[in-house]
*Asks:* 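Below is the structure I would like to discuss, written out as structure tokens.
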Amino acid sequence: MKEVTRKIPKKDALGLLLGKPVYTDDIAPENSLIVKILRSPHAFARIKNIDTSEAEKIEGIECIITHLDLPRNPITRAGQGYPEPSPHDWYILDEYVRYVGDEVAIIAGKNEQCVEEALQKIKVEYEIFEPVLDFEKAEDHPSIIHPEKESHPMFEIGFDAEKNIAASYEMEIGNIEEELKNCDVVVHQRYYTQAQAHVAFEPHTAASYLDMHGRLVIISSTQVPFHVRRIIAEAFGLPIKDIRVIKPRIGGGFGGKQAIHGEPFVAAVTLKTGKPAKIVYTRQEVFEATYTRHPMRYDITLGATKDGKLKVIDMQGLSDTGAYGEHALTTFMVAGSKTLPLYNKVSAVRFTGKVVYTNKVPAGAFRGYGAIQGNFALESTIDMLAEKLGMDPVEFRKKNMIAEGETSPIFKIMGEGREGVEMFVRSCKLNECVEEGMKLINWKEKYPRVKISETKIRGVGMAIAMQGSGIANIDMGAAILKLNDDGSFNLLIGATDLGTGSDTILAQIAAEVLNVPTENIIVYSSDTDLTPFDVGAYASSTTYVSGNAVKRAAEKMKKLIIKEGARKLGIEESKVDFDGNYIYEINGDKKLPLKELATVLYYTENQKQLITDASYVGEESPPPFMAGFAEVEVDIETGKVKLINYVAVVDCGTTINPNLAKIQVEGGLVQGIGMTLFEDVKYSPNGKLLTNNLMHYKIPSRLDIGNIIVKFAESYEPTGPFGAKSVAEIGIDTPPAAIANAIYNAVGIRITSLPITPEKILMSLK
Amino acid sequence: MKIKVIINGEKKVLDIEPHEILLDVLRRYGYYSVRRGCDTGMCGICTVLFDGKPVPSCSVFAARADGHEITTLEGLPEAKEFAELLAEEGADQCGYCSPGLIVNTVYLKKLKIKKMDEAKIKLIGNLCRCTGYEGQHRAIAKFLGVEK
Ligand code: FES
Ligand code: FES
């Protein structure tokens with residue numbers, strides 16, 4: 001392969017690095033009204049009265065919009081395929097406010113200052129209710145967070161608003177209780193994971209204006225431009241055709257921008273005033289009023305026979321979706337569907353639980369999407385079980401984990417919010433990942449612990465993980481390829497590059513098919529007027545789903561070039577091929593440069609535009625796999641854990657661009673390490689998020705991460721474009737369990753709630 | 001009010017409000033490489049050189065720049081070389097944090113820092129949420145000529 005597997009820089013690299021104006025705030029119309037949101041100081045209340053009269057008098061204020069001024073259509077902000085598996089329980093503005101930070105009013109004015117002043121002058125009378133702040137008490141709580149009758153699910157998801165339940169799920173294969181009786185060893189453990197914050201460094205930003213036809217144009221830092229268009233249309237009762245959404249470059253997403261956030265507020269202002277408007281969230285707003293990861297609780301029961309065969313997995317969960325049910329069911333199901341197939345030889349497996357509302361910051365999509373929560377619980381317990389069996393945890397996994405050519409009934413039973421699809425795993429190099437990882441970390445020498453000094457002990461631990469590649473039968477991506485008169489190509493894709501490099505790797509795929517340099521492919525993406533549909537950047541879909549669409553469009557283009565070239569050469573099509581430069585006679589010497597054909601087709605003979613398109617929906621969602629190995633040093637005096645080494649060996653199929661794949665894994669690992677060791681979330685007793693800035697919410701710095709070693713296993717996924725699977729999320733999944741296991745192996749204490757702080761370690765040591 | 005500053009070697013008179021922050025003024029005047037990543041002076045993304053020394057421009061009143069020299073990424077000729085090294089490593093993902101990192105690293109090169117540990121300590125305030133830092137470190141080592 002020439003273009004695929006090339007380590008070329010991202011197409012947008014220099015523009016981004018050299019600070020060109022490319023993000024939403026840089027390109028928002030210069031005369032945009034500044035939009036800010038008055039947010040609720042209460043965790044749960046009803047707005048009795050809003051008096052905006054004083055605020056409206058302030059010089060420069062253009063409009064103040066309250067819930068009385070807007071259509072009240074129940075929608076979900078979750079940027080998912082339609083109909084969404086999330087309940088429609090959100091209103092642009094509502095008379096209820098359901099968390100500290102919930103939107104009360106939209107203010108627009110000509111500068112920051114007057115808008116800030118107006119925020120202070122709006123008088124709101126609230127009827128305050130007792131908030132639901134403990135997700136373990138939500139179900140039977142006297143306060144009902146969504147008492148309104150309009151909120152509803154789009155199909156059966158186990159929604160029960162009166163019990164504060166956004167979604168629920170259960171499945172069982174075999175008989176857990178019966179099978180447990182046949183097990184020689186049984187372990188049970190409960191785990192908690194926290195509401196990690198995304199901290200994408202570009203804050204959520206949106207701008208809007210009316211074009212000359214009076215259509216609403218939204219520029220947004222979003223992962224899902226086509227879903228934004230549909231959801232905004234639904235929220236305002238506008239036809240989809242009257243809206244255009246453009247995603248420029250965006251400063252990170254990680255799931256936090258797989259939703260609408262600022263878009264409806266600028267749209268409301270532009271629709272009301274006819275003027276351009278923009279909103280740039282403050283960092284505090286991003287923390288308090290966008291998304292977090294769903295905090296979850298899992299009770300795991302595992303059973304095995306004494307020969308080391310895993311027989312039973314039971315996972316009972318509870319997830320906290322915060323004030324709105326966005327991604328509630330799907331993140332919960334993924335905690336099972338992207339962990340349970342790892343151990344596909346069990347006799348009985350069960351996954352049940354509920355996702356409850358609380359009066360906290362809404363939870364949403366976040367890289368890993370439930371899999372990291374489930375992985376922490378399951379992979380920690382696997383180590384406990386191996387210990388009870390007296391087995392090396394790596395050997396135990398090797399004996400029980402999934403292998404190439406095998407399947408798991410989970411694939412069919414658990415999809416995302418619906419049934420999944422049956423699938424045999426065509427590429428799985430998990431065993432190679434584990435072997436290679438053991439070597440790189442030097443497991444044989446270091447397991448379980450090495451004493452460094454009287455107070456410092458090092459331990460190693462590991463975990464395995466899987467993810468998916470898009471949502472089978474649901475996620476669609478499309479591509480258009482068009483030939484220019486100099487022989488270059490425009491590639492138009494709906495796929496959304498968040499900084500991941502997807503524009504570049506999709507161009508590499510097209511270039512590989514056409515046998516041209518990637519530099520000859522000009523990419524334009526994510527503009528609902530100009531590019532074909534794509535669900536957007538989530539569920540690790542772009543390389544696999546959009547990549548397959550691009551590959552097909554390029555194959556069609558190659559055929560078209562051969563057809564038109566053959567006609568020009570005056571030879572039969574079957575006797576002609578195209579090598580990237582020339583259309584040539586296979587057994588002869590007639591040839592025609594592509595550039596010449598292109599110019600002729602544009603201007604002189606048989607004139608036409610060569611253009612092809614293709615769509616792709618995955619029939620399967622081939623999982624990438626990985627093994628993660630952590631080496632930690634625990635200071636038993638201070639409880640501090642220092643990460644010394646983290647080894648990740650990944651099977652993501654072919655790496656279309658090995659540099660970009662590597663950075664994806666490294667970035668995912670460090671976010672996972674942050675969730676494991678640093679990123680603590682605290683609320684005040686009345687439900688205000690206290691860790692709402694980077695001083696109190698610590699993400700890893702460059703000194704916190706130790707050595708990170710990433711390797712890729714040789715692997716080829718037959719259904720993927722040139723053998724590729726996804727790589728976006730898999731990196732984040734293993735650190736919680738691998739590090740917790742390493743700490744256990746070092747000092748013999750098992751931490752079961754994240755993050756693993758020095759306090760927790762000291763408390764357990766005592 | 002008006003302030004006189006030298007930005008990227010050019011003499012300028014800027015019209016500002018007394019309460020305005022340097023970051024916002026620089027953006028208003030078209031220096032878009034200067035970006036805001038936090039509200040608390042913690043991310044390093046907004047770094048510019050103030051009389052040749054790196055400062056977070058989100059934590060400086062614009063009025064304080066009166067009579068001083070400001071250099072943004074746009075005014076650093078060495079930026080391109082480092083940017084290309086980052087690009088070769090794939091060490092730019094969203095790129096949002098890059099200008100601050102580049103300004104600071106170019107400064108380290110001027111200080112002739114050649115030890116990776118020292119560079120990492122000096123760059124600890126430049127946060128990145130995308131890359132996991134490793135790719136940046138590979139590029140930084142090449143740019144500073146870190147001795148192995
Ligand atoms: S914007 Fe974060 S330090 Fe200045
Ligand atoms: S590249 Fe996105 S924050 Fe650093």
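Throughout, protein chains are lettered first and strands after them, A, B, ... in sequence-line order, and every chain is numbered starting at 1. Side chains are part of it too, since the values below use all heavy atoms of this structure and drop only hydrogens, waters and symmetry mates.
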*Asks:* Side chain from CB out, backbone as N, CA, C, O: work out which of these in Lys662(A) comes under 4.5 Å of a heavy atom of chain B, or both, or neither.
*Replies:*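 Lys662(A) touches chain B through side-chain heavy atoms alone.
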*Asks:* What part of Pro700(A) lies closer than 4.5 angstrom to a heavy atom of chain B: side chain, backbone, both or neither?
*Replies:*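 For Pro700(A), backbone and side chain are both near chain B.
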*Asks:* Is Asp25(A) close to chain B through its backbone or its side chain, or both, or neither, when contacts mean heavy atoms under 4.5 Å?
*Replies:*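 Contact with chain B: backbone and side chain both.
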*Asks:* Let me know if Cys97(B) has heavy atoms under 4.5 Å from chain A in its side chain, its backbone, both or neither.
*Replies:*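 Interface part for Cys97(B): neither.
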*Asks:* Say whether Gln508(A) and Arg6(A), considering side chains only, have a donor N or O and an acceptor N or O under 3.5 Å apart.
*Replies:*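 No, no side-chain donor-acceptor contact under 3.5 Å.
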*Asks:* Does any heavy atom of chain B fall under 4.5 Å from the side chain of Phe201(A), the backbone, both, or neither of them?
*Replies:*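 Contact with chain B: backbone and side chain both.
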*Asks:* Hydrogens and angles aside, do Thr131(B) and Gln93(B) bring a side-chain donor and acceptor to less than 3.5 Å of each other?
*Replies:*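 No.
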*Asks:* Can you tell which part of Thr282(A) gets under 4.5 Å to a heavy atom of chain B, answering side chain, backbone, both or neither?
*Replies:*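 The answer is both parts of Thr282(A).
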*Asks:* At a heavy-atom separation under 4.5 Å, does Leu73(B) approach chain A through its side chain, its backbone, both, or neither?
*Replies:*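 Looking at Leu73(B), just its side chain touches chain A.
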*Asks:* What residue, out of Thr504(A), Asp497(A), Ile8(A), Ile699(A), has the most heavy-atom pairs lying under 4.5 Å from chain B?
*Replies:*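 So the answer, after comparing Thr504(A), Asp497(A), Ile8(A), Ile699(A), is Ile699(A).
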*Asks:* For Gln113(A), is it the side chain, the backbone, both, or neither that has a heavy atom closer than 4.5 Å to a heavy atom of chain B?
*Replies:*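 Only the side chain of Gln113(A) comes within 4.5 Å of chain B.
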*Asks:* Who among Glu112(A), Lys7(A), Glu30(A), His198(A) has the most heavy-atom pairs with chain B under 4.5 Å?
*Replies:*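 Ranked by heavy-atom pairs under 4.5 Å with chain B, first place is His198(A).
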*Asks:* So, Tyr133(B) side chain and Cys128(B) main chain: donor-acceptor pair closer than 3.5 Å or not?
*Replies:*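 Checking the backbone N and O of Cys128(B) against the side chain of Tyr133(B), a donor-acceptor pair under 3.5 Å is found.
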*Asks:* Taking every non-hydrogen pair under 4.5 Å, which of Ala13(A), Pro21(A), Gly731(A), Ser701(A) racks up the most with chain B?
*Replies:*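 Option with the top pair count is Ser701(A).
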*Asks:* Please look at Leu14(A) and chain B and tell me whether the side chain, the backbone, both or neither of the residue comes under 4.5 angstrom of a heavy atom of that chain.
*Replies:*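 Only the side chain of Leu14(A) comes within 4.5 Å of chain B.
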*Asks:* Determine whether a donor-acceptor pair (N or O, by modelled atom type, separation under 3.5 Å) exists between the side chain of Asn645(A) and the backbone of Ala630(A).
*Replies:*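 Such a contact is absent between Asn645(A) side chain and Ala630(A) backbone.
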*Asks:* What I want to check is whether the side chains of Asn692(A) and Glu288(A) have a donor and an acceptor closer together than 3.5 Å.
*Replies:*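 Yes, side-chain donor-acceptor contact under 3.5 Å.
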*Asks:* Between chain B and each of Leu498(A), Leu694(A), Ile663(A), count heavy-atom pairs under 4.5 Å; write down the option with the most.
*Replies:*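 With the most close heavy-atom pairs to chain B, the winner is Ile663(A).
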*Asks:* Under 4.5 Å heavy-atom distance to chain A, tell me which part of Asp117(B) shows up: side chain, backbone, both or neither.
*Replies:*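 Neither part, no heavy atoms under 4.5 Å.
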*Asks:* Under 4.5 Å from any heavy atom of chain A, what part of Ile121(B) do you find: side chain, backbone, both or neither?
*Replies:*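 The answer is both parts of Ile121(B).
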*Asks:* Ignoring hydrogens and geometry, is there a side-chain-to-backbone donor-acceptor pair from His204(A) to Thr222(A) under 3.5 Å?
*Replies:*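 Here the side-chain-to-backbone pair does not exist.
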*Asks:* Testing the 3.5 Å rule here: is there a donor-acceptor pair between the side chains of Tyr538(A) and Thr496(A)?
*Replies:*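 No - no donor-acceptor pair under 3.5 Å links their side chains.
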*Asks:* Using heavy-atom distances under 4.5 Å, tell me whether Gln136(B) contacts chain A through its side chain, its backbone, both, or neither.
*Replies:*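 Gln136(B) touches chain A through side-chain heavy atoms alone.
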*Asks:* Should Arg35(B) and Glu202(A) be marked as a salt bridge (Lys or Arg N to Asp or Glu O under 4.0 Å) after you check the CA-CA gap, both sets of side-chain angles, and the distance that decides it?
*Replies:* CA-CA 8 Å; Arg35(B) 300 168 187 154; Glu202(A) 179 204 19; over 6 Å; no
*Asks:* Glu89(B), Lys80(B), Glu88(B): which one forms the most heavy-atom pairs within less than 4.5 Å of chain A?
*Replies:*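 Option with the greatest count: Glu89(B).
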*Asks:* Considering only NZ, NE, NH1 and NH2 on the basic side and carboxylate oxygens on the acidic side, decide whether Glu679(A) and Lys698(A) come within less than 4.0 Å.
*Replies:*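 No salt bridge links Glu679(A) with Lys698(A).
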*Asks:* Run the salt bridge (Lys or Arg N to Asp or Glu O under 4.0 Å) test on Lys10(A) and Asp12(A) for me, step by step, so that the C-alpha distance in whole Å, both residues' side-chain angles and the decisive distance to 0.1 Å come before the verdict.
*Replies:* CA-CA 5 Å; Lys10(A) 285 194 323 148; Asp12(A) 51 1; 3.3 Å; yes
*Asks:* Against chain B, label Arg702(A) side chain, backbone, both or neither, depending on which of its atoms sit under 4.5 Å from a heavy atom there.
*Replies:*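 For Arg702(A), heavy atoms of backbone and side chain both lie under 4.5 Å from chain B.
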*Asks:* Whether the side chain of Gln196(A) engages the backbone of Gln671(A) through a donor-acceptor N/O pair (distance < 3.5 Å, no angle test) should be reported.
*Replies:*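 Yes; at least one donor-acceptor contact below 3.5 Å.
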*Asks:* Could you check which of Val199(A), Asn693(A), Val670(A), Leu660(A) has the highest count of heavy-atom pairs closer than 4.5 Å to chain B?
*Replies:*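 Highest number of heavy-atom pairs under 4.5 Å: Val199(A).
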*Asks:* Less than 4.5 Å to any heavy atom of chain B: does that hold for the side chain of Phe287(A), its backbone, both, or neither?
*Replies:*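 Answer is neither: Phe287(A) stays 4.5 Å or more from chain B.
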*Asks:* Where the side chain of Thr205(A) meets the backbone of Pro203(A), is there a donor-acceptor pair that is under 3.5 Å apart?
*Replies:*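 Yes; at least one donor-acceptor contact below 3.5 Å.
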*Asks:* If I measure from the heavy atoms of chain A, does Ile124(B) come under 4.5 Å with its side chain, its backbone, both, or neither?
*Replies:*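 When you check distances to chain A, atoms from both the backbone and side chain of Ile124(B) fall under 4.5 Å.
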*Asks:* Taking the six-membered ring for Trp, are Tyr96(B) and Tyr23(A) ring centroids under 6.0 Å apart?
*Replies:*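 Ring centroids of Tyr96(B) and Tyr23(A) are less than 6.0 Å from each other.
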*Asks:* Has the side chain of Asp26(A) got a donor or acceptor atom that lies under 3.5 Å from a matching backbone atom of Val22(A)?
*Replies:*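 Yes; judged by distance alone, with no hydrogens or angles, the pair exists.
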*Asks:* For Arg28(B), is it the side chain, the backbone, both, or neither that has a heavy atom closer than 4.5 Å to a heavy atom of chain A?
*Replies:*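 Neither part.
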*Asks:* With only heavy atoms counted, which part of Arg36(B) is less than 4.5 Å from chain A, the side chain, the backbone, both or neither?
*Replies:*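 The answer is the backbone of Arg36(B).
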